[in-house]
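Below, chains carry the letters A, B, ... as their sequence lines are ordered, and counting in each starts from 1. From a predicted model like this one, the values you see are computed outputs, not experimental measurements.
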Amino acid sequence: MLGFLKNPVVVTAEINVNLVALTVMGLISRLWGLSYPRAVVFDEVYYGQFVSLYMKRIFFVDDSGPPFGHMLLALGGYLGGFDGNFLWNRIGAEYSMNVPVWSLRLLPALAGALCIPLAYQILVELQFSHCAALGGALLILLENSLITQSRFMLLESILIFFILLAVLSYLKFYNLQRHSSFSASWWVWLLLTGVACSCAVGVKYMGLFTYMLLLAIAGLHFWHMLGNQNLSNVGGGWLFCSYPCLGDLSLKTCSVSLLCHFLARGLALIIIPVAMYLSFFYVHLTLLYRSGPHDQIMTSAFQASLEGGLARITQGQPLEVAYGSQITLRNVLGKPMQCWLHSHTNTYPIRYENGRGSSHQQQVTCYPFKDVNNWWIVKDPGMQQLVVSNPPRPVRHGHIVQLVHGITTRYLNTHDVAAPLSPHSQEVSCYIDYNVSMPAQNLWRVEIVNRETDTDVWKTILSEVRFVHVNTSAVLKLSGASLPEWGYRQLEVVGEKLSKGYHQSMVWNVEEHRYGKSQEQKEREVELHSPTQMDISKNLSFMAKFTELQWKILTLKNEDTEHKYSSSALDWITMDTNIAYWLHPTSGAQIHLLGNVLTWASANVAAVIYVCLSLWYLVRRRRKIYDIPEDAWQLWVSAGEICVGGWAVNYLPFFLMEKTLFLYHYLPALTFQILLIPIVLQHLSDYLCRSLLSKTMFRALIVAWFSSVYLVYCTFSPVTYGEPSLSVAELKDLRWKDSWNILIRKQ
Amino acid sequence: RAVPGWRVGGPRGTGTWNELSHVDCLRCSRLCFVFIFSSWDETHFGKMGSYYINRTFFFDVHPPLGKMLIGLAGYLSGYDGTFPFQKPGDRYEQHNYMGMRGFCAFLGSCLVPFAYLTVLELSKSLPAALLTACILIFDTGCITLSQYILLDPILMFFLMGAVLSMVKCNACADRPFSASWWFWLSLTGVNLAGAMGVKFVGLFVVLLVGLNTIYDLWDLLGNLSLSLVMFGKHLLARVLCLILLPLALYTAVFAVHFTVLNKSGPGDGFFSSAFQSQLIGNNLHNVSIPEHLAYGSVITMKNLRMAGGYLHSHWHLYPEGVGARQQQVTAYLHKDLNNLWIIKKPDSDAADLSDPSSPVEFVRHGDIIRLEHKETSRNLHSHQHEAPLTRKHFQVTGYGINGTGDSNDFWRIEVVGRKPGKLIKVLRSQVRLTHVATGCILGSSGKTLPKWGWEQVEVTCTPYLKDTPNSLWNFEDHINPKLPNISLDVLKPSFAEILLESHMVMIRGNSGLKPKDNEVTSKPWHWPINYQGLRFSGVNETDYRVYLLGNPVVWWLNLFTIGLYLLTAISTAVALKRGVQLSSELKELSRVVLRGGGQIALGWLLHYLPFFMMGRVLYFHHYFPAMLFSSMLTGITWDTLLKFFAGFLSPSTAARRVYGGGILALVLLIMYSFYLFHPLSYGMIGPMASDPSSPMAGLRWMDSWEF
C-alpha cells in the first residue's frame with residue numbers, strides 16, 4: 001500500500017540560469033520607471049483613443065490594422081481600471097489621475113522584455129552555442145530602439161514578441177519532428193506556431209510577412225519529407241499515380257503517414273490561424289456594440305445593428321419600398337463623406353465661371369447632413385397619387401419610377417447638358433418647365449444590384465440600387481467633387497453615361513423610409529418634418545459584419561500626407577532618421593526612437609558577410625568542393641532561412657508600399673538581422689579562424705566590440721528613457737548624424 | 001497618353017475597306033477589315049509616327065522603338081505625316097495610313113507562327129502546337145489588337161520572338177557554340193532589346209530570359225565534366241549576347257530617336273535647358289540672350305534635378321490646413337507665362353527699375369535678391385511652416401502685394417564653385433538660393449502635389465544644406481531690354497546624359513498616370529476572366545463598332561487550363577519526388593509538363609502578377625502578353641493530359657482515337673465560338689446586343705460586356 005513511500009520524493013528542476021538572468025535583465029530594462037513620463041508619448045495619442053473607445057464600448061474602424069493589438073492594449077486599461085475618460089488630442093499632454101499609465105504600458109513592455117529570452121531560445125534551437133545565443137539576446141537587450149518602442153502603449157513590441165514566438169515554436173516543432181512526431185510536445189509547438197502567427201497578423205498586418213515565411217519554410221520541409229521513402233502515403237490512393245500501395249501496413253503506421261503530416265500542418269498553420277483571426281473580430285464586434293464616430297463609414301445595414309445612432313431612427317420602418325414611399329437615399333460609397341441625395345430651391349447658375357451654360361433648373365446635390373430636403377417620394381409614372389395604396393404595391397427590380405422631391409415636389413431629372421464640374425457627364429436637376437423646348441426626362445429604372453432574383457423587391461437599407469435613366473441610360477452617380485459657393489459646397493451628383501461596370505459611387509440605398517399618407521402638399525411637409533416612428537429590428541450575421549468591416553479596413557484610405565518624422569525605407573538601414581517621441585515641457589529631457597548605432601552597423605555587416613559567404617559556398621559546392629562539413633552547412637542554411645529570410649520579408653515589401661513609413665516599421669526586420677550577428681560570428685570563429693592564436697584574437701575583438709555596444713547603449717540611454725535631462729551641449733554631442741532631429745530648445 | 005474612355009466623337013457611316021488573306025494555321029494569316037476611321041489609341045501612336053516623319057521632338061512615357069517603327073512603316077508606304085490625329089473617330093480622308101496599319105497587322109499575325117514553333121519545340125507534339133496556333137488565330141481580342149496602329153502588336157512580336165529564340169537556343173544546348181546556337185542566342189538578345197525598346201513591359205520578358213539563363217548556367221556549373229574555362233566561355237557568351245548586345249541596340253534606338261527628332265516640339269519643357277538647346281526651333285537653340293544676370297531681368301528658373309520643372313506660381317492659394325494660406329509656388333514642367341520671375345533688389349520698388357535711364361546693375365554671387373512673380377506680383381517667400389508634402393522642409397509661397405512683402409522674401413544667390421562678387425551667367429551657372437531669414441535652400445522635392453496643386457511638383461525650402469540637384473537651379477529664359485543679346489553655345493550634354501535624362505522623364509511620366517477619384521478603372525483580376533473589354537470605336541447603334549474583347553470560350557478555356565496545369569504539375573512533381581517508377585513515355589510527358597510548361601507558366605506569372613502592384617492606370621490590353629503565354633500553356637497541357645489518359649486505354653488505335661478526337665473537339669469548339677463572336681473585331685452595326693434583333697443577341701453572356 002505504502003510502497004511509494006519507499007523511494008524518496010525527488011523533484012529535479014533544471015533551471016537555465018542564462019535564461020532567468022536574461023529575463024530578469026529584460027524586465028528591468030523595459031519596466032524600469034514605466035510610468036515616466038506621465039504624458040502622452042507619440043503614437044499613444046493614436047492608440048489611446050481606441051483604448052478609450054473600448055472602455056466605453058463604442059464602435060470604431062481603424063484602417064491601420066486588425067483589432068487584436070488594440071484589444072490587448074485595452075486589456076491593460078481594463079485591468080488598470082481605466083474608465084476611458086481622457087481626451088487623446090495632443091502628444092505631450094499630461095495624463096489625468098484616472099489614467100492607469102503603468103498598466104496601459106505594462107503589456108507592451110512585458111512583450112518587449114520576453115523577446116530577449118525568446119531570441120536566446122531561437123538561437124539555441126538553431127543549434128548554435130549557448131555563448132552565441134547569450135550574445136544575441138544581449139544585443140537585443142541593449143538595443144535602444146527596441147527599448148523605446150516597448151516602453152510605451154505601442155504595438156510593435158507585441159508584434160515582435162508574437163513573431164519571435166512563432167519562429168521559436170516552429171523551430172521547436174521541427175527539431176522534435178525527427179524523433180518524436182505526433183508526440184504531445186510536437187503537437188503543442190505546432191499548434192503554438194499557428195496561434196502565434198495569427199496573433200502576429202492580428203496585431204498588425206505586417207505579421208503576415210513572417211506568417212508567409214513560416215508557411216514557405218514549412219512547405220519546403222514538407223517537400224523534403226516527400227522524398228523520404230520510409231514514410232507511407234496512406235494506402236497510395238491519394239496520389240494519382242499508381243504507387244505500389246502498402247495496403248494494411250499504411251493503416252497501422254498511419255501515425256507517420258504523409259497525409260497525416262500534411263493534414264496536421266494544414267490544421268495548425270492554416271485553419272487555426274484563420275479561425276483565430278475571425279475570433280478576434282468576433283470579440284471586437286461583441287465588445288463594441290454602441291454607435292460612435294466612425295458609423296458613417298459603414299453601410300446603413302451595419303449602422304442599424306449598432307445600439308444608438310441610426311438604429312434608433314430606423315427601428316421599425318417598413319421593409320419594402322412601395323409606390324408612395326417617402327425615402328432618403330444614401331450613396332453607398334461613403335467617400336469623400338457619407339451623404340444623401342438632396343435638392344433645394346436654388347437653381348444652377350445660368351453660366352458657370354468657365355463660361356459653360358447650364359439648364360438653370362433646380363440643383364440636385366449630395367448633402368452630408370440629415371435634412372428635411374433629403375426626402376424623396378417614389379411615384380408610379382402612370383398614377384398621380386403620392387400616397388401608399390392599401391395594400392402597398394412594392395417596387396421591384398426593373399420597375400420604372402419617378403422620384404419626387406418631397407419639399408419642392410419637383411421631379412428628379414437628367415438631360416443632355418454637361419454637369420457643372422464633370423463636363424463628361426450629364427447634369428442632374430429637379431425639373432422646372434421654362435417652356436424652352438426642353439422636355440422633362442424624369443423616368444428612372446430601378447436596378448437592385450444585390451438582388452437574388454430578377455423579381456426582387458426594393459428593400460429599405462438592405463437593397464443596393466442603381467437608378468438608370470430611361471431616355472439616356474445614364475446612371476445616377478456621386479462624382480465626388482464638391483460644388484463651388486453657389487452650390488453651398490455640397491457634393492455634385494451627375495448622370496454617368498459611360499457606366500463601366502459596378503462602382504459604389506453609382507449605388508444608393510434607402511436609409512430612412514415611411515409610407516406616405518398625406519395627399520396634400522401642406523400635410524406632406526408636416527409629415528416629412530416629423531420623425532419616422534415605426535419599428536422593426538434588423539440583425540446582420542457575424543460573417544456579414546466581418547466581411548464588411550474587413551473590407552473597410554483594407555480599403556479605407558486616410559489622406560497620404562507626410563508626417564514630419566516619416567522616412568523612406570532606404571533611410572532605415574543606415575538609420576539616417578529618428579523620431580522624436582516626447583519632449584519635457586520645460587527641461588531638455590526628451591525621448592527619441594534611436595537605435596544602437598553600433599548594433600545596426602554590425603547587423604548590416606553580418607548580413608553582407610552571410611550573403612557573400614553563402615554564395616561562395618554555394619558555387620563551390622556546385623563544383624563538389626566542400627569547405628565546411630555537411631551538417632555545419634545545413635545549420636548555416638537553416639539559420640539563414642530564418643534570419644536573412646525574416647529580415648528580407650519584413651523589410652523589402654516596404655519599398656513597394658505607398659503609405660507613410662516610419663522608422664519603427666523596420667524594427668521586426670532589425671530583430672531578425674541582429675540575430676544574424678552571433679550566427680556569423682560563431683561561424684567565423686569555428687571555421688575561418690584556424691589557429692589558436694587567431695581564435696584568441698577573434699575572441700578579444702568580440703569582447704572589445706561588445707563593450708563598445710554597451711557604451712553606445714549607455715550614451716544614448718538618456719534619450720531612450722527620457723532621464724536624465726541633458727544640457728544643450730550634451731544634446732549636440734548626441735547628434736552623431738546630421739539628419740537626426742534632436743530637439744534643442746532655443747534659449 | 002490619351003485616355004481611352006474619352007467621349008468618342010462617333011464616326012458616321014460605315015467603312016468597308018477590306019483586305020482578305022487566307023486562313024492557314026502555319027502561315028501568318030489574318031482577316032483584316034480596316035475602316036477609314038482612326039480609333040482609340042491610334043490618335044496617340046499615329047500622331048507620334050507623324051512626329052517622326054516631321055522630325056518634331058515629343059515626349060512619351062514609352063521608349064521610342066515602337067513609334068519609330070510605325071513612323072518608318074508610314075514613311076515607306078508614303079504617308080506624309082500631315083494627318084492631325086486629333087480625336088478618335090476622325091476620318092482618314094485621303095491620308096495613306098494603310099502602311100502603318102498593315103505593318104502592325106503583319107507583326108500581329110507573326111505571333112501565330114511564333115507561338116506554334118515555340119510550343120512545337122517545347123512539347124515536340126504537332127497537335128499541341130496546332131491547338132495553340134488555333135487559339136491565337138481565333139481569338140477576337142488578338143485580332144482586334146493587331147488591326148490598329150498600336151504599340152501592343154509590336155511589343156508582342158518582339159516578346160514572342162524572344163521566347164521562341166530562347167526556346168530554340170535551349171534546344172541547341174547539346175552543341176554549344178555552333179552557328180545555330182550563336183544565331184538563336186543573339187536573336188534572343190535582339191528581341192529583348194526590341195521588347196524593351198517598345199514598352200517597359202518588355203522588362204518582364206527580360207526577367208523570364210534572365211531566370212532561364214541563370215538556371216542554364218547553374219546547370220552547366222554543376223556539370224563537372226565541363227572545365228571552368230569552358231564555363232567561363234559559356235558565361236561570357238551569354239553576357240555578350242543577352243546583356244551587352246541588347247544594351248547596345250537599346251542605346252542605338254535612343255541614338256536614332258534623338259538624331260531623327262531634331263526639331264522643337266510639344267515635349268521640350270520636360271527636358272533640361274542643355275537638352276533643349278539641341279532642338280532646332282527651341283528658344284534655346286543657337287540662343288541669343290543677355291549673358292549676365294542683372295537686376296530687373298525677367299527670367300525663368302529650371303530645377304537641375306532630372307525631369308525637374310520651372311519655378312512656377314499662380315493665383316491659387318494653398319488650401320486650408322496646408323501651411324499658411326498664401327499663394328502656391330510649384331515646379332511646372334511645361335513652358336508657361338506663370339514661370340516668369342523678375343529679379344529685384346531687396347529694398348527697391350518697381351518704379352526705379354522701369355526707368356530706362358537708370359544704369360544696369362548686374363547680380364553678383366552672394367547678393368541678396370528678391371524674386372517677384374511677373375504675373376501676380378508676389379514675392380518668392382518662405383517661412384517656418386511645414387511644406388505640404390515633405391514635412392521636414394519649409395513651405396514656399398508667393399507673398400506680398402505688388403512687390404511689397406516682408407523680410408522673409410529675401411534670398412541670397414550663390415553660384416556653385418564660384419568666388420563672391422562674380423557675375424552670374426544664364427544657363428551655365430548652377431545657382432543655389434538661400435533663404436536669408438531661416439537659412440534654408442530653395443529646392444524641388446520631386447513629389448507631385450494633390451489636386452489642389454494641379455498635380456504640379458512641390459517646391460520647398462530645405463533646411464538640410466546639401467548640394468543635390470534638387471536644390472540647384474539654372475536660369476533659362478532671360479529678358480532684359482537694356483542688355484545686348486549675345487549668342488551663346490550652351491554646354492552640349494553628352495549622349496549618356498541625354499539617355500539618363502530621358503529615362504528619368506519617362507519613369508516620372510509613367511508614375512504620374514494615376515487613376516482619378518471615383519473613376520471606374522480596369523483591375524488586374526478582371527482580365528483573365530474576360531470581365532470587361534475596351535471600346536475601340538463607335539458607341540451608338542448607328543456606329544460601326546469595334547470592341548476589344550477576348551473570345552470568351554478561348555479565354556475561359558485558358559483560365560480553366562491554368563488551374564488544370566497547376567494540378568497536373570503538382571501531382572507530377574510529387575510523384576517524381578516519391579520515386580514512382582515511370583515508363584519512358586510518361587517520363588517524357590512529365591518532362592514536358594515540368595520543364596516546358598514550367599517555362600511558359602513562369603512567363604505567364606511574370607507578365608501578369610506585377611500588374612497587381614502597379615499604382616498607375618491599367619487597361620484591359622495590358623493582359624495580352626500574359627494571354628499569349630496562357631494560350632501556349634493551354635496547348636501543352638491539353639495535349640499532355642489527352643496523351644496521358646489515352647495511355648490508360650492501352651490499345652493503340654483506341655488511344656489514338658481518343659487523343660485525336662479530344663484535340664479536334666477543342667479546335668472545333670474554338671472555331672465555332674469564333675464564328676459567333678467574330679463581329680466584335682470585324683465591326684458590328686445595328687442595335688446593341690441587349691436588343692433581340694441584334695446580330696449579337698444572346699451573346700452578351702456577361703452584363704459587363706458593352707456591345
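- In this structure, chain A has heavy atoms under 4.5 Å from both the backbone and the side chain of A573(B).
- Contacts between L220(B) and chain A at a heavy-atom distance below 4.5 Å involve the backbone alone (N, CA, C, O).
- A donor-acceptor distance shorter than 3.5 angstrom exists from the side chain of K737(A) to the backbone of T574(A), with no hydrogens or angles considered.
- No donor-acceptor pair closer than 3.5 Å links the side chain of W218(B) to the backbone N or O of R622(A).
- Ranked by non-hydrogen atom pairs under 4.5 Å with chain A, the options N223(B), L576(B), L224(B), L586(B) are led by L224(B).
- In this structure, chain A has heavy atoms under 4.5 Å from both the backbone and the side chain of L228(B).
- For E492(A) (side chain) and S422(A) (main-chain N/O), a donor-acceptor pair under 3.5 Å exists by modelled atom type.
- Contact annotation for T577(A): only side-chain heavy atoms (C-beta onward) come within less than 4.5 Å of a heavy atom of chain B.
- Heavy-atom distances place the backbone of M225(A), and not its side chain, under 4.5 Å from chain B.
- Residues meeting the ring-ring contact (aromatic ring centres under 6.0 Å, His included) test with W452(B), sequence neighbours left out: Y318(B).
- Between K587(B) and E585(B), no side-chain nitrogen of the basic residue sits less than 4.0 Å from a carboxylate oxygen of the acidic one, so the salt-bridge criterion is not met.
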